[in-house]
Amino acid sequence: QVQVAESGGGLVEAGGSVKLSCTFDGLPFRQLAMGWFRQVPGKEREEVSCLDYRSRDTTMSYVASLKGRVTFSRDNVQYTLTLQMNRLRPEDTGKYFCAAARGEYCSESLDEYTDWGHGTQVTVSS
């Protein structure tokens with residue numbers, strides 16, 4: 001049985017930083033692409049960033065407003081993911097999720113991701 005767990009969310013002041021973590025158990029972590037996602041109030045879930053199976057870190061984000069403010073890393077020994085977000089804004093408030101892809105490479109389709117965690121809430125106060 002696959003287990004996924006996010007942690008690290010909480011209440012943060014605007015301009016501050018947060019580091020989210022995600023652990024996986026029960027799947028071939030090293031062979032899969034991994035993604036971070038978020039769902040902000042009133043919007044559909046969106047992909048924040050992704051790492052394919054060979055990559056260790058990236059500052060890439062699919063969300064235009066997050067570009068230059070996130071670093072996504074994966075540890076293929078500890079089977080963990082981290083998402084560092086800086087210069088947070090109130091519009092970053094939402095629930096953040098991690099998920100494993102079906103295959104080795106990233107996809108912009110959320111349907112290609114399975115084994116989702118329950119998410120961790122990030123609330124940015126103005």
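FYI, the numbering just counts along the sequence from 1. This is a predicted model, so every value here is computed, not measured.
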Exercise for the section: Check the pair L81, S73 against side-chain contact (heavy atoms from CB on, under 4.5 Å), reporting the backbone distance first and the verdict last. Expected result: CA-CA 6 Å; L81 310 175; S73 302; over 6 Å; no

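Remark: the backbone N or O of D52 is not paired with any side-chain donor or acceptor of R54 at under 3.5 angstrom. Proximity of a side-chain donor or acceptor of T59 to a complementary backbone N or O of T71 within less than 3.5 Å is not detected. At least one donor-acceptor pair closer than 3.5 Å links the side chain of R87 to the backbone N or O of G68. Although no hydrogens or angles enter the test, the distance criterion places no donor-acceptor pair under 3.5 Å between the side chain of S55 and the main chain of D57.
Under a hydrophobic clustering in which Ile, Leu, Val, Met, Phe, Trp and Tyr are joined whenever their side-chain heavy atoms come within less than 4.5 Å, directly or via other members, F72 and M85 fall into the same cluster.
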Kindly list each side-chain donor-acceptor pair under 3.5 angstrom involving residues 8-31, sequence neighbours excluded, with atom names and distances?
from, atom 1, to, atom 2, distance (Å)
S17, OG, N86, OD1, 3.0
R30, NE, N76, O, 2.9

Distance-only criterion, 3.5 Å: show the donor-acceptor pairs between side-chain atoms of residues 95-112 and protein atoms not counting sequence neighbours.
from, atom 1, to, atom 2, distance (Å)
K95, NZ, H118, O, 3.4
Y96, OH, R38, NH1, 3.1
Y96, OH, D92, O, 2.6
R102, NE, D111, O, 3.0
R102, NH2, D111, O, 3.0
S107, OG, S109, N, 3.0
S109, OG, D111, N, 3.3

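Under the side-chain hydrogen bond (donor to acceptor under 3.5 Å, both in side chains) criterion, Y79 pairs with no residue at all, not counting sequence neighbours.
Other residues sharing the hydrophobic cluster of V77, ordered by chain and number and joined by side-chain separations under 4.5 Å: none, the residue standing alone.
Residues in residues 58-94 take part in no disulfide (SG to SG under 2.5 Å) pair, two or more places apart or across chains. Sequence neighbours left out, not one pair with a member in residues 53-86 passes disulfide (SG to SG under 2.5 Å).
Taking CD of E91 as the reference point, atom OG1 of T93 lies at 8.5 Å (rounded to 0.5 Å). One finds the CZ atom of F37 at 8.5 Å from the OH atom of Y62 (value rounded to the nearest 0.5 Å).
Nearest heavy-atom pair across M60 and V70 is O-CG2, 4.1 Å.
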